[in-house]
Amino acid sequence: MSRFVALVPAAGSGSRMGSALPKQYLPLRGEPLLRHTLRALAAADAVERVVLVLSPDDDRFDAAMAAGLAKLEVLRCGGASRAETVRNGLEALAATLDADDWVLVHDAARPCLDPAEVGRLIAELRGDAVGGLLALPLADTLKRVGDGGRVAATVPRGGLWRAQTPQMFRHGLLRQALGRAADDGVTDEASAIEALGLAPRLVAGSERNIKVTYPDDLALAGLYLDARNAQ
Ligand code: C5P
């Protein structure tokens, strides 16, 4: 039987947030944002292990940060890009995972993930030859910006989806894909798989699974967490 392991790259600096504190440590409803993310993954029954990949220089994560979090393992082998961080994490997992085991890569900065969605992603993809990802069809009209902040073109949005995470692929295939990819432009795991000529499956996700990137996102994430806790 294949196993399911979550891998959380958390070695980014979050420069777009405009804060000295990396965004995974920003306070969100009384706890560092990262704890919400790790708890959501551990709450998915099928997920056996939650592997967090930090930067070797990270001096903010300590035992207190990890207290009470189930299934957690911490690695300190993050790299200069997200792809490198994931690649290093996969290499470290090679000793304990088979090539056919599944890895669910999830952004540290998506704290509103619903554990039920992780279960749904696994149920939909566990028999798939390639794997896939949570994603959402685009709702807004898209504009390409030109000179002087003016619209150069309207980009047809038909057939366009926004990629989210988790992105779920077999350990062996993902390791092969990221081993070959140049890191430039590899902003998610699916694009590295696509570069092998394979077509990952899109599984419809939720608008609530936002990536905290800008300051306003943090307030919205708090509201989504409140709404879930009130259910
Ligand atoms: O910066 P961005 O929001 O695209 O980062 C997405 C995820 O990748 C975050 O969880 C971030 O911590 C992680 N990352 C990483 N190593 C890097 C850059 C980003 O683990 N060098």
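What you see below is based on every heavy atom in this structure, not just the backbone, and it leaves out hydrogens, waters and symmetry mates. Remember, it's 1-based here, ligands and their atoms both numbered in the order they're listed.
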Counting from 1 in the order shown, the ligand 1 atoms closer than 4.0 Å to a non-hydrogen atom of D107 are 6 (C), 7 (C), 10 (O)

Specify side chain, backbone, both or neither for P22, according to which of its non-hydrogen atoms lie closer than 4.0 Å to ligand 1. neither

Using heavy atoms and a 4.0 Å limit, tell me yes or no: is G79 in contact with ligand 1? yes

Region of S81 engaging ligand 1 - heavy atom pairs below 4.0 Å: backbone

Check for a donor-acceptor pair, side chain of R82 on one end and backbone N or O of V186 on the other, with a separation under 3.5 Å. no

Is there any N or O on G12 that sits under 3.5 Å from an N or O of ligand 1? yes

For A10, atoms of ligand 1 separated by under 4.0 Å from a heavy atom: 12 (O), 20 (O)

For ligand 1, which atoms have a heavy atom of A11 less than 4.0 angstrom away? 12 (O), 15 (C), 16 (N), 17 (C), 20 (O), 21 (N)

Taking the inter-plane angle between the rings of W102 and F4 on a 0 to 90° scale, is it parallel (under 30°), tilted (30 to 60°) or perpendicular (over 60°)? parallel

Just by distance, do the side chain of D217 and the backbone of Y214 share a donor-acceptor pair under 3.5 Å? yes

To which of A108, A80, G89, P9 does the heavy atom nearest atom 11 (C) of ligand 1 belong? P9

Which heavy atom of K211 sits nearest a heavy atom of R110, and at what distance? N-NH1, 3.5 Å

Closest heavy-atom approach to atom 4 (O) of ligand 1 among R82, R110, K211 is made by K211

With respect to T85, determine whether any N or O atom, backbone or side chain, lies less than 3.5 Å from an N or O atom of ligand 1. yes

Got a donor-acceptor contact below 3.5 angstrom from the D128 side chain to the G131 backbone? yes

Does ligand 1 have any atom that is closer than 4.0 Å to a heavy atom of T213? no

Given side chains that start at C-beta, do those of R150 and V145 come closer than 4.5 Å, heavy atoms only? no

If I compare all heavy atoms of L33 with all of K23, which pair ends up nearest, and what's the gap? CD1-O, 3.6 Å

If you look at every heavy atom in L121 and L133, which pair is closest and at what distance? CD1-C, 3.9 Å

Answer yes or no for K23: is there a heavy-atom contact with ligand 1 below 4.0 Å? yes

